[in-house]
Amino acid sequence: MNPVKTDAVRSSGREALLDRETRLVYEWAVRHRRVEPADLARISADLGLGEARCRAAVDRLAALCLLVRRPGAGPGCFAAVGPEAAAARLTGREEARLRIAEAELGRRQAALAGLRAEVASLEPVYRAQGGGVDGSVRLLEDAHAAGSALGSVVGAAKEEVLTVQPGGGHPQVDLTEALPRDLAALGRGVRLRSLYQHPARFDPPTRSYAELVIAAGAEVRTRAEVPARLVVVDRTTAFVPARLATGAALLVREPSLVAYFVGLFEHEWSQAVPYDTAPRAARTVSREVEDVIAVLLAAGEKDDTIARRLGMSTRTCRRHIAELLARLGAQSRFQAGALAERAGLTVPADATGPC
């Protein structure tokens with residue numbers, strides 16, 4: 001395809017190629033059945049346009065296949081072509097290429113599906129050798145083993161995945177790895193519910209991930225404080241941290257323990273706020289964060305401890321503390337704690353935990 005025509009195809013969705021002048025020149029060409037270099041002065045006079053503009057319009061019409069070279073005629077001698085024929089000529093090759101690309105994509109997807117099925121066929125062998133025993137608690141020794149097992153279990157989820165993700169922003173590499181897996185689960189009709197801490201709303205990579213999975217049907221909420229990291233799949237399998245330094249985890253299939261983790265998640269979920277980054281939502285979560293800070297100040301916790309519990313930096317935590325002091329009219333942390341207790345802010349809203 002002519003590079004000029006290719007550019008026309010690519011840009012046609014972004015800007016109007018057929019401006020008023022081009023349309024007028026095309027109308028003139030259709031009326032006179034042809035356009036030749038000697039006609040430019042006449043076109044200019046008939047339409048009241050400068051010759052340079054007329055020449056540019058002719059070039060544009062030629063790029064869009066609305067004018068085509070007349071066989072046997074000299075350079076710049078064109079015949080007018082009907083719009084439907086021009087559109088077919090202009091886009092035909094590109095559409096053919098797209099059809100070929102779609103067919104190739106279908107073949108590659110089928111090959112990947114076959115590869116996945118072949119590898120997954122070893123699952124019985126894995127389980128037979130102790131790789132996964134129902135009704136047990138198994139230690140996954142490091143982050144690699146934990147990540148591999150998590151990916152396998154979530155990849156096979158049929159009904160539901162529940163996750164609790166403490167901390168503020170999450171590493172881009174983790175989100176990039178999780179996104180296709182989670183989108184695939186949602187595509188299979190799996191219900192995905194994720195619970196984060198409020199600062200995750202304001203971390204760009206985490207926000208981007210959240211918006212993508214929400215658009216695909218996931219449910220995301222946030223709280224000021226959440227329990228330790230937790231993943232529950234199909235209410236039959238849970239992952240909980242074991243050794244933070246190594247990334248080790250426990251894979252839990254013991255039904256009573258899994259049921260407890262589900263109850264813990266549901267309790268936290270019921271207290272959480274639906275994910276939103278609008279200004280009003282930001283003010284709401286900021287107020288909740290300050291209320292939790294009031295509880296922790298009254299308990300005598302230090303800035304670093306409060307920041308860690310709320311999943312934010314110490315600097316951000318101190319800004320919230322300053323805003324809380326201003327709201328309470330306190331001159332010191334001690335006075336803020338006393339005023340917060342007097343105002344009833346130090347009694348957690350969810351003082352009664354899950355059964």
Side-chain angles (χ1 to χ4, degrees), residues 1-114 172 176 179-180 183-184 186-187 204-205 207-218 276-279:
M1 182 180 285
N2 187 308
V4 176
K5 296 177 182 177
T6 302
D7 290 342
V9 172
R10 291 174 178 169
S11 64
S12 60
R14 298 193 299 270
E15 59 185 25
L17 293 171
L18 294 171
D19 56 21
R20 176 178 173 276
E21 294 173 354
T22 304
R23 291 173 181 272
L24 289 173
V25 172
Y26 177 69
E27 184 180 350
W28 192 99
V30 171
R31 188 163 57 249
H32 294 85
R33 300 288 186 270
R34 50 87 181 123
V35 172
E36 298 182 357
D39 293 325
L40 288 175
R42 182 181 173 188
I43 296 172
S44 176
D46 288 351
L47 301 180
L49 302 174
E51 284 194 32
R53 292 186 177 183
C54 292
R55 186 177 296 106
V58 168
D59 291 342
R60 188 174 295 112
L61 291 168
L64 293 172
C65 297
L66 289 162
L67 293 178
V68 297
R69 289 281 299 274
R70 294 197 346 246
C77 296
F78 297 102
V81 175
E84 289 189 6
R89 183 169 184 171
L90 178 67
T91 64
R93 290 185 182 179
E94 192 72 15
E95 289 174 345
R97 289 177 183 176
L98 287 175
R99 286 193 292 272
I100 293 172
E102 287 173 355
E104 176 62 20
L105 178 60
R107 286 192 293 270
R108 292 177 65 183
Q109 288 176 327
L112 289 173
Q172 179 72 64
T176 301
L179 183 60
L183 291 177
L186 290 164
R207 183 170 64 237
S208 177
Y209 162 83
E211 290 173 348
L212 287 170
V213 294
I214 288 172
D276 191 358
T277 56

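Reckoned from all heavy atoms, side chains included, excluding hydrogens, waters and symmetry mates. In this chain, residues are counted from 1 in sequence order.
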Original post:
For the residue pair Gly217 and Leu186, what are the closest heavy atoms and their distance?
Top reply: C-CD2, 4.0 Å
Subject >> Check: Arg23 side chain, Leu18 main-chain N or O, donor-acceptor pair, under 3.5 Å >> reply: yes
Subject >> Qualifying residue, where the test is side-chain contact (heavy atoms from CB on, under 4.5 Å) with Leu67 and the options are Leu61, Val25, Val30 >> reply: Leu61
**OP:** Taking Asp39 for its side chain and Arg42 for its backbone only, find out whether a donor-acceptor pair lies under 3.5 Å.
**Re:** no
Original post:
What is the minimum heavy-atom distance between Tyr26 and Pro83, and which atoms define it?
Top reply: OH-CD, 3.4 Å
Subject >> Atom of Pro75, atom of Pro37 and distance for their closest heavy-atom approach >> reply: O-CG, 3.6 Å
Original post:
Could you give the distance from CG (Leu98) to OG1 (Thr91), rounded to the nearest 0.5 Å?
Top reply: 10.0 Å
Subject >> Over 12 non-hydrogen atoms of neighbours within 6.0 angstrom of CZ in Arg108 >> reply: no
Subject >> From CH2 (Trp28) to CZ (Arg34), nearest 0.5 Å >> reply: 5.0 Å
**OP:** Using a 4.5 Å cut-off on heavy atoms from C-beta on, say whether the side chain of Asp19 contacts that of Arg60.
**Re:** yes
Subject >> Asp46 side chain to Ile43 backbone, donor-acceptor under 3.5 Å >> reply: no
**OP:** Find the distance between SG (Cys54) and CG (Leu40) and round it off to the nearest 0.5 Å.
**Re:** 6.5 Å
Original post:
Are more than 12 heavy atoms from other residues, nucleotides or ligands located less than 6.0 Å from atom CZ of Arg70?
Top reply: yes
Original post:
What's the shortest heavy-atom distance between Val35 and Ala29, and which atoms?
Top reply: CG2-CB, 3.4 Å
Original post:
With side chains defined as the heavy atoms from C-beta onward, is the minimum distance between Thr22 and Leu66 less than 4.5 Å?
Top reply: no
Original post:
How about Arg69 and Phe78: do any of their side-chain heavy atoms sit closer than 4.5 Å?
Top reply: yes
**OP:** Taking only Lys NZ, Arg NE, NH1 and NH2, and the carboxylate oxygens of Asp or Glu, determine whether Arg107 and Glu104 approach each other closer than 4.0 Å.
**Re:** yes
**OP:** Search all heavy atoms of Cys65 against all heavy atoms of Ala86 and return the closest pair with its distance.
**Re:** O-CB, 3.2 Å
